[in-house]
Asker: 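For reference, the structure I am asking about is given below.
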Amino acid sequence: MCGRYTIKKNPSDYLRQVFPGIQFDPAFKFQPNENVCPTLEEPVVLNANGVPFCTLLRWGLIPSWSREEKPGTGIINARSETVAEKPSFKASFRRKRCLVPVDGFYEWKKTGVGSKKIPYRFYRKSDPFLLLAGIWDEWERPMGILRTFAILTTAANASIADVHDRMPVILDKKQVDQWLARNEDTSQLSNFFDPEKLPALDREELDKVKSAV
DNA sequence: CCAGACGTTGTT
DNA sequence: GTCTGG
DNA sequence: CCAGACGTTGTT
DNA sequence: GTCTGG
């Protein structure tokens, strides 16, 4: 799965290469973080009137129809296998897809010794960032609109399966335009979710994940 | 038809 | 063990 | 997702 | 909003 990640480097230049014409939210401020956790506001790229748009959204999806009170942390992951059908995700999957730039994500391997878990950081040496597939939504509060996102997951591929059985969906640069397209015909998108077509990842084993900034 | 739930993970 | 906050 | 807290009474 | 159970 994907419940923690890193964004140590500013993704702006990378995003400008991948998305010529990308616009940045004037409110966008990059905060490096080696331990991004749910509820933080983090950079995503979404489609704003046909233009790739980088802005900050809160991690933990709160669907637009959520009732008042206690949406809590929201939903941090959505299974790619069922995202097109689940009532909670269907509308966002059709109309509000996004990309989450990260430079690593964490998975914890259970050791069987007590409840000890060893953290691993996965990343790709050949590319400074990974672009994760996400969906977002907006929830109208009394005090303004809260925009949130969730990261899609799929089965682990061979490069991480010994650590954990799920991983985030990582999109190739050739796929990201189609992912962001304002196209409600999502029938082709499930081709992006095949774990064995996702990149092989490099890893580092850690003693501890540095606490959130 | 309306009312009520709507998720993932991991763990049991 | 289980919940909450980040 | 993990890390950290988790409670009451009475007395100072 | 949209699906499921009754």
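The sequence lines fix the lettering, A, B, ..., with proteins before strands; numbering per chain opens at 1.
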Asker: On a whole-Å scale, what distance lies between the C1' atoms belonging to E/dC3 and B/dG7?
Answerer: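 Taking atom C1' in both E/dC3 and B/dG7, they lie 15 Å apart.
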Asker: From CG of A/Asn35 over to C1' of D/dC2, roughly how many Å is that when rounded to an integer?
Answerer: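 Taking CG of A/Asn35 and C1' of D/dC2, I get 8 Å after rounding.
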Asker: From NZ of A/Lys110 over to C1' of D/dC2, roughly how many Å is that when rounded to an integer?
Answerer: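 That distance rounds to 14 Å.
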Asker: What does A/Tyr106 touch in the nucleic acid at a heavy-atom separation under 4.0 angstrom: a base, only the sugar-phosphate, or nothing?
Answerer: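 Result for A/Tyr106 = nothing.
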Asker: Identify whether the distance between the nearest side-chain nitrogen and carboxylate oxygen of A/Asp162 and A/Arg203 falls below 4.0 Å.
Answerer: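 Salt bridge flag = yes for A/Arg203 with A/Asp162.
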Asker: Report the nucleotide, chosen from E/dT2, D/dC2, E/dG1, that has the shortest atom-to-atom distance to any side-chain atom of A/Arg94.
Answerer: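 Side chain of A/Arg94 sits closest to E/dT2.
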Asker: Could you check how far NZ of A/Lys96 sits from P of E/dT2, rounded to whole Å?
Answerer: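 Answer to the nearest Å: 12 Å.
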Asker: Please report the distance, rounded to the nearest Å, between CG in A/Asp165 and P in B/dT11.
Answerer: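 Answer to the nearest Å: 10 Å.
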Asker: With a 4.0 Å cutoff (strictly under), does any side-chain N or O of A/Lys90 reach OP1 or OP2 of E/dG1?
Answerer: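 False: A/Lys90 side-chain N/O out of range (4.0 Å or more) of E/dG1 OP1/OP2.
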Asker: Find the distance A/Phe149:CZ to D/dC1:C1' and express it as a whole number of Å.
Answerer: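 After rounding, the reported distance stands at 13 Å.
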Asker: Paired with D/dG7 by Watson-Crick or G-U wobble geometry, both distances under 3.5 Å: which nucleotide is it?
Answerer: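 The answer is none; no pair meets the criterion.
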Asker: Should A/Lys117 be listed as having a side-chain N or O under 4.0 Å from OP1 or OP2 of D/dC2?
Answerer: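 Answer is yes, contact under 4.0 Å.
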Asker: Say you pick atom P in B/dT9 and the same atom in D/dC1; how far apart are they, in whole Å?
Answerer: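 To the nearest whole Å, 8 Å.
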Asker: Roughly, in whole Å, what's the span from CG in A/Asp207 to C1' in D/dA3?
Answerer: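 To the nearest whole Å, that distance equals 17 Å.
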Asker: Pairing check on B/dC1: which nucleotide meets the Watson-Crick or G-U wobble criteria with it, both distances under 3.5 Å?
Answerer: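 The answer is E/dG6, by the H-bond criterion.
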Asker: Taking the six-membered ring for Trp, does A/Trp108 stack with D/dC2 (centroid gap under 5.5 Å, planes within less than 30°)?
Answerer: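 Aromatic stack with D/dC2 absent for A/Trp108.
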Asker: Any Lys/Arg nitrogen of A/Asp103 or A/Lys8 sitting under 4.0 Å from an Asp/Glu carboxylate oxygen of the other?
Answerer: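 No, A/Asp103 and A/Lys8 are not salt-bridged.
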Asker: With a 4.0 Å cutoff (strictly under), does any side-chain N or O of A/Thr153 reach OP1 or OP2 of B/dT9?
Answerer: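 Looking at the OP1 and OP2 atoms of B/dT9, one of them is under 4.0 Å from a side-chain N or O of A/Thr153.
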Asker: Touch check for A/Ser64, heavy atoms < 4.0 angstrom, all strands: base, sugar-phosphate only, or nothing?
Answerer: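 No contact.
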Asker: If I take atom CZ in residue A/Arg67 and atom P in nucleotide B/dA3, what distance separates them, rounded to the nearest angstrom?
Answerer: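 Rounded to the whole Å, the gap is 11 Å.
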Asker: On the nucleotide B/dT9, are OP1 or OP2 found under 4.0 Å from the side-chain N or O atoms that A/Arg166 carries?
Answerer: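 Checking A/Arg166 against B/dT9: at least one side-chain N or O falls below 4.0 Å of OP1 or OP2.
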Asker: Does OP1 or OP2 of B/dT8 have a side-chain N or O of A/Thr82 closer than 4.0 Å?
Answerer: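 Answer yes for this pair, as a side-chain N or O of A/Thr82 is under 4.0 Å from OP1 or OP2.
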Asker: Could you tell me how the ring of A/Phe149 sits relative to the ring of A/Trp59: parallel (under 30°), tilted (30 to 60°) or perpendicular (over 60°)?
Answerer: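 If you compare the ring of A/Phe149 with that of A/Trp59, the planes turn out parallel.
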Asker: Could you tell me how far B/dA3 sits from D/dG10 if I compare only their C1' atoms? Round to whole Å.
Answerer: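 About 49 Å, rounded to a whole number of Å.
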Asker: Between A/Arg166 and A/Thr153, is the side chain to side chain donor-acceptor pair (under 3.5 Å) condition met? List the steps.
Answerer: CA-CA 7 Å; A/Arg166 303 289 295 171; A/Thr153 62; 3.2 Å; yes
Asker: Select from A/Trp65 and A/Cys2 the residue whose nearest nucleotide in DNA chain B is closer to the 5' end of that strand.
Answerer: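 So the residue in question is A/Trp65.
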Asker: Contact class for A/Ser92 (heavy atom, under 4.0 Å): base, sugar-phosphate, or nothing?
Answerer: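 Nothing, no nucleic acid heavy atom in range.
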Asker: Please say whether the positively charged group of A/Lys197, taken as NZ for Lys or CZ for Arg, lies over the ring of A/Phe192, i.e. under 6.0 angstrom from the six-membered ring centre and within 45 degrees of the axis.
Answerer: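 No, A/Lys197 and A/Phe192 do not form such a contact.
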Asker: On a whole-Å scale, what distance lies between the P atoms belonging to C/dG6 and B/dT8?
Answerer: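 Between the two P atoms, the distance is 26 Å.
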Asker: Between E/dG1 atom C1' and A/Ile62 atom CD1, what is the distance in whole Å?
Answerer: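 In whole Å, E/dG1 C1' lies 16 Å from A/Ile62 CD1.
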Asker: Take A/Ser12 and A/Phe24 through the side-chain contact (heavy atoms from CB on, under 4.5 Å) test and state the conclusion after the steps.
Answerer: CA-CA 9 Å; A/Ser12 300; A/Phe24 285 82; 3.8 Å; yes
Asker: Check every strand shown and say whether A/Asp137 touches a base, only sugar-phosphate, or nothing at a heavy-atom separation below 4.0 Å.
Answerer: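 The residue A/Asp137 makes no contact with any strand.
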